J.: 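I am attaching a structure below and will ask some questions about it afterwards.
Throughout, a chain's letter reflects where its sequence line sits, starting with A, and its residues are numbered from 1. Remember, predicted model here, so these are calculated numbers, not experimental data. Computed from heavy atoms alone, side chains included, the values below leave out hydrogens, waters and symmetry copies.
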Amino acid sequence: MATNSWANGLVKTLKDPTTHIISSNLAAVIQDKYAKAKHHYLVLPFEDIPSIFNLTSQHISLLQEMHLLALNVIEVKGQTQDNFLIGFHNQPSMQRLHLHVISKDFVSDCLKTKKHWNSFNTALFLNYDDLIVQLNENNKVKRLDSVTIKELSNEDLKCNQCTYVAKNMPSLKQHLLEHYEKKKKKTINRE
DNA sequence: GTTCTAGAAC
DNA sequence: GTTCTAGAAC
């Protein structure tokens with residue numbers, strides 16, 4: 001095999017239709033194997049597009065369909081769009097283009113490293129809308145240079161819900177859990 | 001992408 | 001002494 005076997009994990013999963021939460025003729029939604037939040041899904045096209053760096057404006061209709069599937073899975077799971085991030089990693093490591101659909105709580109045992117956090121909560125995360133803008137303006141997605149990637153990966157651990165900056169990952173995780181528990185209580189009180 | 005673990009940080 | 005991070009993985 002040309003590429004590392006671990007990098008083909010998503011393609012293997014996609015080939016098994018029983019893993020598809022929902023799907024269309026062109027794409028399917030699966031659960032992220034190592035979900036970094038309470039909800040974390042991936043939308044993958046059946047077409048063999050390796051990554052965002054193989055996209056041109058010709059792919060926009062496919063991307064729009066992938067985005068619709070993203071909105072659909074949020075609805076299927078009884079969630080609301082405003083509690084989700086929808087976008088791509090600017091430095092993907094897995095084979096096959098995949099759109100992340102992840103809830104903003106980030107409460108998960110699989111969230112372990114600073115790089116995990118910063119890959120969703122800095123410019124390392126490319127929002128769907130921003131990707132479409134790039135394709136319309138430049139007909140391609142701009143690669144970040146390695147220095148920028150390194151800097152963004154090492155950014156301070158800033159909470160995505162308040163001004164708190166965590167000293168390390170365990171304190172960030174504890175803090176995120178507190179946000180999550182507070183929200184849960186509020187929801188219960190509304191009922 | 002994750003696992004493992006040496007050595008830094010506390 | 002324990003917790004935590006960061007780099008190798010053939």
Side-chain angles (χ1 to χ4, degrees), chain A residues 1-21 23 27-55 63 66 69-70 73 84-128 130-131 141-160 164-180:
Chain A
M1 220 185 294
T3 36
N4 296 326
S5 61
W6 60 259
N8 288 310
L10 295 180
V11 176
K12 279 183 194 164
T13 303
L14 190 64
K15 281 180 181 164
D16 175 5
T18 66
T19 66
H20 301 173
I21 300 169
S23 62
V29 183
I30 63 170
Q31 166 99 38
D32 191 294
K33 192 178 175 185
Y34 298 90
K36 303 295 187 297
K38 290 292 180 183
H39 294 270
H40 189 181
Y41 312 104
L42 303 174
V43 188
L44 298 101
F46 295 121
E47 187 184 340
D48 187 14
I49 302 169
S51 80
I52 52 172
F53 304 115
N54 302 93
L55 294 172
L63 290 161
M66 288 170 65
L69 282 166
V73 75
F84 278 77
L85 294 181
I86 301 175
F88 300 86
H89 278 147
N90 240 318
Q91 191 204 26
S93 29
M94 300 293 279
Q95 195 69 18
R96 184 59 57 89
L97 179 72
H98 53 283
L99 178 63
H100 286 272
V101 184
I102 185 165
S103 56
K104 294 177 183 174
D105 53 86
F106 289 96
V107 172
S108 165
D109 289 342
C110 293
L111 183 80
K112 291 175 178 171
T113 68
K114 194 173 212 178
K115 188 155 191 189
H116 286 156
W117 178 252
N118 284 334
S119 75
F120 288 103
N121 294 287
T122 67
L124 289 173
F125 193 77
L126 179 59
N127 283 309
Y128 170 81
D130 296 337
L131 175 124
V141 176
K142 194 184 177 189
R143 268 182 198 277
L144 297 180
D145 62 88
S146 60
V147 174
T148 305
I149 288 173
K150 206 174 180 182
E151 282 172 359
L152 290 170
S153 303
N154 284 312
E155 287 239 322
D156 289 342
L157 298 169
K158 289 174 281 214
C159 176
N160 62 338
Y164 177 73
V165 181
K167 293 255 188 302
N168 55 34
M169 281 305 290
S171 52
L172 176 65
K173 287 169 67 68
Q174 175 60 35
H175 178 81
L176 291 168
L177 184 62
E178 284 164 16
H179 274 301
Y180 180 72

J.: Please report the distance, rounded to the nearest Å, between CD in A:Q174 and P in C:dT3.
T.: 16 Å
J.: Could you tell me how far apart A:D156 (CG) and C:dT5 (P) are, to the nearest whole angstrom?
T.: 13 Å
J.: Between A:H175 and A:H179, how do the two ring planes meet: parallel, tilted or perpendicular, split at 30° and 60°?
T.: perpendicular
J.: Check each residue of residues 98-108 of chain A for a non-hydrogen atom within less than 4.0 Å of any atom in DNA chain B, then write out the ones that pass by number, or none.
T.: none
J.: Let me know the distance between CG of A:N154 and C1' of C:dC4, rounded to the nearest Å.
T.: 15 Å
J.: For the residue pair A:S103 and A:K38, what are the closest heavy atoms and their distance?
T.: OG-N, 3.6 Å
J.: Heavy atoms under 4.0 Å, any strand shown: does A:K33 hit a base, just sugar-phosphate, or nothing?
T.: nothing
J.: Minimum heavy-atom separation for A:L152 to A:A123, with atom names?
T.: CD1-CB, 3.9 Å
J.: Between P on C:dT5 and NE2 on A:H116, what's the gap in Å once rounded to a whole number?
T.: 12 Å
J.: If you look at every heavy atom in A:A27 and A:V43, which pair is closest and at what distance?
T.: CB-CG1, 4.3 Å
J.: Where do A:T113 and A:M169 come nearest, in terms of heavy atoms and distance?
T.: O-CE, 3.5 Å
J.: Once pairs are restricted to Watson-Crick or G-U wobble with both distances under 3.5 Å, how does DNA chain B read as a dot-bracket string, [ ] for crossings and | for other-strand pairs?
T.: .|||||||||
J.: Using a 4.0 Å heavy-atom cut-off across all strands, classify A:K36 as base, sugar-phosphate, or nothing.
T.: sugar-phosphate
J.: Of the nucleotides B:dT3, C:dT5, B:dG1, which has the atom closest to the A:K112 side chain?
T.: B:dT3
J.: Hydrogens and angles aside, do A:N168 and A:S171 bring a side-chain donor and acceptor to less than 3.5 Å of each other?
T.: yes
J.: Tell me the interatomic distance from A:K167, atom NZ, to B:dA8, atom P, rounded to whole angstroms.
T.: 22 Å
J.: With sequence neighbours left out, write down each residue that passes ring pair (Phe, Tyr, Trp, His ring centres under 6.0 Å) with A:H100, or none if nothing qualifies.
T.: A:H40, A:H89, A:H98, A:F120
J.: Roughly how many Å is it from CH2 in A:W6 to P in B:dG1, rounded to a whole number?
T.: 8 Å
J.: CG of A:N168 versus P of B:dA8: gap in Å, rounded?
T.: 18 Å
J.: In this structure, which one of A:V165, A:N118, A:N121 forms a side-chain contact (heavy atoms from CB on, under 4.5 Å) with A:E155?
T.: A:N118
J.: Looking only at side-chain N and O atoms, does A:H89 come under 4.0 Å of OP1 or OP2 in B:dG1?
T.: yes
J.: Taking CG from A:D109 and C1' from B:dT3, how many angstroms apart are they, rounded to a whole number?
T.: 16 Å
J.: Heavy atoms under 4.0 Å, any strand shown: does A:P170 hit a base, just sugar-phosphate, or nothing?
T.: sugar-phosphate
J.: If you look at every heavy atom in A:Y34 and A:C110, which pair is closest and at what distance?
T.: O-CB, 3.7 Å
